[in-house]
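Report on the following structure.
In the text below, chain A, chain B and the rest are named by the order of the sequence lines, each starting its count at 1. Bear in mind the structure is a predicted one, so any value in this text is a computation, not a measurement.
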2 protein chains.
Amino acid sequence: METRALTARTSTESTRDIPEATVARLPVYLRALTTLSEAGTGTCSSEELASAAGVNSAKLRKDLSYLGSYGTRGVGYDVDYLRYQIAREIGVTQDWPVVIVGIGNLGHALANYSGFRSRGFRVVALLDADPERHEEVVAGVDVRPFDDLEQIVKDHGVAIGVIATPALAAQDVADRMVASGISSILNFAPAVLSVPAGVDVRKVDLSIELQILAYHEQRKTHGATA
Amino acid sequence: METRALTARTSTESTRDIPEATVARLPVYLRALTTLSEAGTGTCSSEELASAAGVNSAKLRKDLSYLGSYGTRGVGYDVDYLRYQIAREIGVTQDWPVVIVGIGNLGHALANYSGFRSRGFRVVALLDADPERHEEVVAGVDVRPFDDLEQIVKDHGVAIGVIATPALAAQDVADRMVASGISSILNFAPAVLSVPAGVDVRKVDLSIELQILAYHEQRKTHGATA
DNA sequence: TTCGGTTTGTTCTCCCGTTCACAAACTCCT
DNA sequence: AGGAGTTTGTGAACGGGAGAACAAACCGAA
Ligand SMILES: NC(=O)c1ccc[n+]([C@@H]2O[C@H](COP(=O)([O-])OP(=O)(O)OC[C@H]3O[C@@H](n4cnc5c(N)ncnc54)[C@H](O)[C@@H]3O)[C@@H](O)[C@H]2O)c1
Ligand SMILES: NC(=O)c1ccc[n+]([C@@H]2O[C@H](COP(=O)([O-])OP(=O)(O)OC[C@H]3O[C@@H](n4cnc5c(N)ncnc54)[C@H](O)[C@@H]3O)[C@@H](O)[C@H]2O)c1
């Protein structure tokens, strides 16, 4: 399921491979640190940061230990320093160009989302197959034909693509993205995407989340009435 | 992290507790089965279904075994029968009323999302704190004041709430939801929510997903240039 | 310098999830 | 009826992650 190997480890690199579960939590820590920093906090303990991030403090410390020893025993972590270290590790110290394909209901919301810019991502293009969409300008970016994909990816060095088309079109869009050189895809369409090794796909599926909630909800109420 | 206990197991119930990882995959199987059914497929093997769902066939079989023995050895699974069994287990054979709070960019997209209805969820109310929103009608449902929450939850027996407000308002909205009787929350705001035991929270965070992709992307390109 | 208090980094153990591998069970053909 | 071929359901091995617990390291006061 995961993309492994292909990255030959050079000896000098600090590439200890960070567990996937830890990688998924680093952005949460990053956000918590940003909040703390904006609140004027200069130093924080693992307990405080863990609380702000909603995790166990032991887990937090273990996660951070994969990056290195950035804390001071008896004191805690320097908020801004740790924040930079995590940002660097994730790779959001500089902006990543992103394209969004499928500018319908969801695509509009994504294009208007300000959280992109503030977290290291820059929407360089909005693409849609429907010619009627091509006159529109969303959040300062104009909607362009889907066929412009290759050129845009090449021009801006885009590595990350977002799919917000109907499910039926998702696989085709993914194929075109991969062919254009995109190697990371965030998929909002309720479809299972098939991509070659070396390409990462993450999916966000609203219906699945709701169904998981429904399952637990059913258990709760079922137990109450039984 | 998880809400445990509180549900006393009565002996007659068929409540073998299904692993959380399996619960998260059942909706994926459900969708794959629906697709197969619509394509006219009457029977399918674990291999076929696993392929359609994008998972390992052994994992699929083990997952399904938690529900019961709904397959036939040497043959496979009856698509419609299995689909019904999974739907029943998840609890989406009847509709769940849902409220959405925060009808901005994202809230509009969610309200317009047709995938709700088709998967067992019905949006019974759209709520927003901004009075200027209250004249609007989105997807046939009119936007109402946030203070109507308690009454709507009571009237419709709402158990599931969706938060699409700015991060700063999310905790307040969650508190009001819980106080109103909602016990499952889907949170789109980038904030860590604190809720009492017995309330389930799931979060969908676009920025985190992108940052995880960026991390792996950085590794890929970094390995190439080194 | 020494000592008490604090907090990190890490080890160890346990649990959950994944995957392999195979016996049991079913169909179909002869 | 019997045997060959197919597919499910599950036992067992394995790997990874979560959490408890503690030694090492640091600060500040005396
Ligand atoms: N709206 C939501 O809140 C929501 C929530 C979860 C998931 N989704 C999923 O996100 C996707 C988009 O949802 P939506 O509500 O925005 O749908 P939509 O129909 O409003 O928008 C889809 C857009 O994709 C474009 N499109 C179609 N085929 C294309 C192609 N081959 N190449 C490029 N563009 C193409 C269409 O022209 C349209 O503008 C769907 O798969 C939906 O299931 C939506
Ligand atoms: N737009 C996106 O694509 C996107 C993607 C990921 C996450 N998010 C997150 O989703 C949330 C909503 O994003 P958005 O772009 O729709 O923002 P938005 O500002 O367009 O909409 C927010 C809405 O919430 C309402 N609101 C504010 N405080 C409220 C309160 N206390 N009670 C009820 N309603 C309240 C506002 O009136 C507004 O209509 C944000 O937290 C954002 O970070 C958005």
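Distance NZ (A:Lys59) to C1' (D:dG17): 8 Å, rounded to an integer number of Å. Summarising the geometry, the separation between CG on B:Leu49 and C1' on D:dT7 is reported as 14 Å, rounded to the nearest angstrom. To the nearest angstrom, P of C:dT18 lies 14 Å from CD of A:Glu20. Between the P atom of D:dT10 and the CG atom of B:Asp63 lies a distance of 13 Å, rounded to the nearest Å. For A:Arg25 and D:dG17, the CZ to P distance is 9 Å, given to the nearest whole Å. The distance between atom CG of A:Leu60 and atom P of C:dT8, rounded to the nearest whole Å, is 8 Å. Separating the OH atom of A:Tyr77 from the P atom of C:dT6 is a distance of 18 Å, rounded to the nearest angstrom. Taking atom CG on B:Leu26 and atom C1' on C:dG17, their separation rounds to 15 Å, with Å as the unit.
Counting only distance, with no hydrogens or angles, the side chain of B:Glu48 and the backbone of B:Ser45 share a donor-acceptor pair below 3.5 Å. The closest donor-acceptor contact from the side chain of A:Trp96 to the backbone of A:Gly91 lies under 3.5 Å.
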Show me the donor-acceptor pairs, under 3.5 Å and distance only, between side chains in residues 175-190 of chain A and residues at least two apart or in other chains.
unit_1	atom_1	unit_2	atom_2	d
A:Asp175	OD1	A:Gln171	NE2	2.9
A:Arg176	NE	A:Glu150	OE2	3.1
A:Arg176	NH2	A:Asp147	OD1	3.2
A:Arg176	NH2	A:Glu150	OE1	3.4
A:Ser180	OG	A:Glu150	OE2	3.4
A:Ser180	OG	A:Arg176	O	2.7
A:Ser183	OG	B:Glu217	OE1	3.1
A:Ser183	OG	B:Glu217	OE2	2.7
A:Ser184	OG	B:Glu217	OE1	2.4
A:Asn187	OD1	A:Ala189	N	2.9
A:Asn187	ND2	A:Ala189	O	3.1
A:Asn187	ND2	A:Ala191	O	3.3

Checklist outcome for this item: A correct 5'-to-3' footprint of nucleotides 20-30 of chain D, with B, S and - meaning base, sugar-phosphate only and no protein heavy atom under 4.0 Å, is BB--BBBS---
Next on the checklist: Set out, in order, the CA-CA distance, both residues' side-chain angles and the distance that settles side-chain hydrogen bond (donor to acceptor under 3.5 Å, both in side chains) for A:Arg88 and A:Thr93, then state yes or no.
Outcome noted: CA-CA 6 Å; A:Arg88 192 179 51 80; A:Thr93 43; over 6 Å; no
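Between A:Thr22 and A:Asp63, the side chains place a donor N or O and an acceptor N or O closer than 3.5 Å (distance only, hydrogens not considered).
Taking the side chain as every heavy atom from C-beta outward, A:Gln85 and A:Leu64 never approach each other to under 4.5 Å.
For the OP1/OP2 pair of C:dT8 and a distance below 4.0 Å, the side-chain nitrogens and oxygens of A:Ser46 include at least one atom meeting the criterion.
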